[in-house]
Amino acid sequence: MMVDEMLKRKHEVIALQERRELTPYPGLLYDDDGYPDLDILFIEWRWPTWKNSGPKSFESDLKRQVDLLDHYHGKIPIIAWDTDLQITVTDEKRWPEMIVADPCFDPVTLTKKRHRLTWWSDFSEFFDSCEGSVMYGYIGNNYSREKQFLKYYASVSQSFRHVGIQTMVYGNWMQHSPERPHPRIVVQGYPNIAFVDRVGFFESMKVLNRFICTTHISKESYSERGNVTVRFFETLACNVPALVPADFYAADILGDDWTVSSTADVFDKVFYLMKLSGEERKNVVDEQRYSFRKYHDFHVASAVDFIESFV
């Protein structure tokens with residue numbers, strides 16, 4: 001969406017990382033090893049992981065980012081968008097002229113004041129609400145969400161089974177990695193949850209559309225600062241009602257009626273939504289969409305306005 005808006009405004013957009021999509025995006029240029037002439041560099045921040053650093057690394061995103069920062073720093077404006085709140089004091093000191101932004105309502109402050117740049121959307125709808133769903137679910141990976149996952153998914157999963165609701169989880173939970181518990185431990189720990197492997201984006205949206213509801217769990221740092229992730233936009237696009245934990249910085253972002261603070265809250269609200277027709281659940285989503293858009297301007301054009309303001 002951002003690329004489309006940039007192209008509409010007659011900008012040339014060049015992707016500087018290795019292309020992962022099978023088909024080149026229309027209008028987007030690619031250069032994964034050069035240093036073209038730019039007016040501005042926009043980076044979604046990468047950080048060291050076992051995949052991109054160390055003796056067994058196999059991804060080049062971090063090295064490419066460092067090379068780009070070293071080459072362009074001090075020559076053109078650089079916006080580093082810290083979506084996972086991973087930029088460190090050392091990073092800011094190494095590239096002191098770098099403009100830092102993050103998606104939080106309460107942005108992080110390290111050595112400099114940050115800008116707020118939230119995720120964005122054109123608010124198009126992918127599907128109508130699904131009729132007759134029996135699934136309460138989560139689509140997302142297994143990273144630093146144990147406490148909220150236990151409270152808002154695992155602890156209620158057995159009660160849901162008694163009333164005919166299956167708790168489903170899609171993501172990397174069943175993939176062995178040094179960063180996560182072994183899949184065997186996951187299965188043993190949550191016997192009333194069905195775990196399904198990761199699927200592609202469009203397939204995941206079809207899955208999401210079949211949920212009665214989902215709850216937006218997140219890392220503790222995200223909750224404390226109000227990092228509104230892309231999951232909020234996806235549920236609205238799929239016409240799926242969502243619940244927001246009460247300890248989230250902007251807990252009322254989808255409306256006061258849809259905050260939850262306990263397992264009992266989740267059960268009551270999901271059970272209520274299960275009994276609604278597809279049209280009635282879409283009315284709930286419409287109300288949530290209205291509350292969401294009233295809370296903040298999440299439009300694509302505003303994100304591009306932000307970037308253009310530094311050129």
Side-chain angles (χ1 to χ4, degrees), residues 1-3 5-6 13 15-17 38 40-49 51-53 61-62 64-66 68-70 72-73 76-123 140-141 143-145 147-148 179 216-236 242 244-245 247-254 292-293 295-311:
M1 290 181 287
M2 176 179 276
V3 171
E5 181 67 21
M6 286 283 192
V13 185
L16 298 175
Q17 288 278 12
L38 303 175
I40 192 166
L41 175 65
F42 180 83
I43 289 176
E44 184 179 349
W45 191 258
R46 314 314 299 162
W47 63 95
T49 70
K51 295 180 182 180
N52 62 24
S53 60
D61 59 344
L62 180 62
R64 176 62 167 160
Q65 173 178 275
V66 170
L68 291 169
L69 288 170
D70 285 343
Y72 289 110
H73 185 259
I76 60 171
I78 296 172
I79 300 174
W81 192 35
D82 190 12
T83 57
D84 285 87
L85 311 184
Q86 293 287 343
I87 289 179
T88 66
V89 169
T90 300
D91 297 325
E92 290 188 356
K93 288 183 176 179
R94 177 170 177 177
W95 299 289
E97 296 183 38
M98 180 172 66
I99 300 157
V100 182
D102 71 42
C104 300
F105 283 120
D106 179 25
V108 173
T109 299
L110 297 177
T111 67
K112 62 173 68 180
K113 182 176 176 59
R114 291 190 176 192
H115 299 268
R116 179 202 297 173
L117 177 59
T118 62
W119 294 92
W120 51 81
S121 176
D122 62 359
F123 292 97
N141 292 327
Y143 294 123
S144 306
R145 292 164 172 82
K147 184 177 179 181
Q148 286 200 339
E179 296 178 312
H216 290 309
I217 62 172
S218 59
K219 298 178 183 179
E220 188 173 332
S221 60
Y222 288 10
S223 291
E224 290 174 349
R225 295 190 170 275
N227 188 344
V228 179
T229 68
V230 292
R231 300 300 177 199
F232 283 80
F233 301 94
E234 291 169 355
T235 55
L236 294 174
V244 181
D247 58 359
F248 187 70
Y249 180 93
D252 61 343
I253 193 169
L254 298 180
F292 188 74
R293 294 177 65 171
Y295 208 99
H296 180 72
D297 183 1
F298 294 100
H299 287 89
V300 181
S302 296
V304 176
D305 289 343
F306 173 82
I307 294 172
E308 286 183 332
S309 71
F310 295 100
V311 177

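Residues: numbered from 1 along the sequence shown.
Applying side-chain hydrogen bond (donor to acceptor under 3.5 Å, both in side chains) to Arg46 and the options Asn52, Asp84, Asp61 leaves one that passes, Asp61. Trp120 pairs with exactly one of Phe298, Phe306, Trp81 by the ring pair (Phe, Tyr, Trp, His ring centres under 6.0 Å) rule, that one being Trp81.
No more than 12 heavy atoms of other residues, nucleotides or ligands shown are found within 6.0 angstrom of NZ on Lys147. No more than 12 heavy atoms of other residues, nucleotides or ligands lie within 6.0 Å of CD in Glu220, so this atom counts as exposed by the packing criterion.
Listed here is the closest heavy atom pair of Tyr295 and Ala250: OH-CB, 3.4 Å. Across all their heavy atoms, Thr118 and Asp297 have their closest contact at OG1-O, 4.4 Å. Looking at every heavy atom in both residues, Lys93 comes nearest to Thr111 through CE-CG2, 4.4 Å. Closest non-hydrogen pair, Arg116 versus Cys104, comes out as CG-O, 3.2 Å. Across Ala251 and Pro245, no two heavy atoms sit closer than the pair CB-O, 3.7 Å. The two residues Gln65 and Gln17 make their nearest non-hydrogen contact at N-NE2, 4.0 Å.
In this structure, Glu308 and Asp305 have side chains that are in contact, with non-hydrogen atoms separated by less than 4.5 Å. Leu16 is listed as a side-chain neighbour of Leu41, based on a closest heavy-atom distance under 4.5 Å. Looking only at side-chain heavy atoms (C-beta outward), His73 and Pro96 come within less than 4.5 Å of each other. Taking 4.5 Å as the limit, every side-chain heavy atom of Asp82 sits out of range of all side-chain heavy atoms of Val108. No side-chain heavy atom of Leu117 sits under 4.5 Å from any side-chain heavy atom of His115.
Here the straight-line distance linking atom NE2 of His216 with atom CG of Asn227 works out to 12.5 Å at 0.5 Å rounding. Summarising the geometry, atom CZ belonging to Phe292 is positioned 7.0 Å from atom CG belonging to Leu254; distances are rounded to the nearest 0.5 Å. To the nearest 0.5 Å, atoms OG1 (Thr229) and CD (Glu234) are separated by 7.5 Å. Within the model, atoms OG of Ser309 and CD1 of Ile99 stand 8.0 Å from one another, a figure rounded to the nearest 0.5 Å. With rounding to the nearest 0.5 Å, the separation of CZ in Phe233 from OG1 in Thr235 is 9.5 Å. Note that the CD1 atom of Ile43 and the CG atom of Leu69 stand 4.0 Å from one another [nearest 0.5 Å].
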Arg114 vs Thr109, side-chain contact (heavy atoms from CB on, under 4.5 Å): CA-CA, chis, key distance, verdict:
CA-CA 6 Å; Arg114 291 190 176 192; Thr109 299; 5.8 Å; no

Evaluate the criterion side-chain contact (heavy atoms from CB on, under 4.5 Å) for residue pair Met98 and Trp45; output intermediate values, then yes/no.
CA-CA 12 Å; Met98 180 172 66; Trp45 191 258; 3.8 Å; yes

Pair Val228-Trp119, side-chain contact (heavy atoms from CB on, under 4.5 Å): steps then yes or no:
CA-CA 7 Å; Val228 179; Trp119 294 92; 5.8 Å; no

Quick one, Met6 with Phe42, criterion side-chain contact (heavy atoms from CB on, under 4.5 Å). Give me CA distance, side-chain angles, the key distance, then yes/no.
CA-CA 12 Å; Met6 286 283 192; Phe42 180 83; over 6 Å; no

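A distance-only check finds no donor-acceptor pair linking the side chain of Arg64 to the backbone of Leu62 [under 3.5 Å]. A donor-acceptor pair under 3.5 Å is formed between the side chain of Gln148 and the backbone N or O of Ser218.
One side chain, Trp95 or Asp70, offers a donor N or O that lies under 3.5 Å from an acceptor on the other.
Taking the centre of each ring, Phe232 and Phe248 come in below the 6.0 Å mark.
Take Asp91 and apply the salt bridge (charged side-chain N to carboxylate O under 4.0 Å, His left out) test, not counting sequence neighbours, and it matches no residue.
Between Arg225 and Asp102 no salt bridge is recorded (no basic side-chain N to carboxylate O distance below 4.0 Å).
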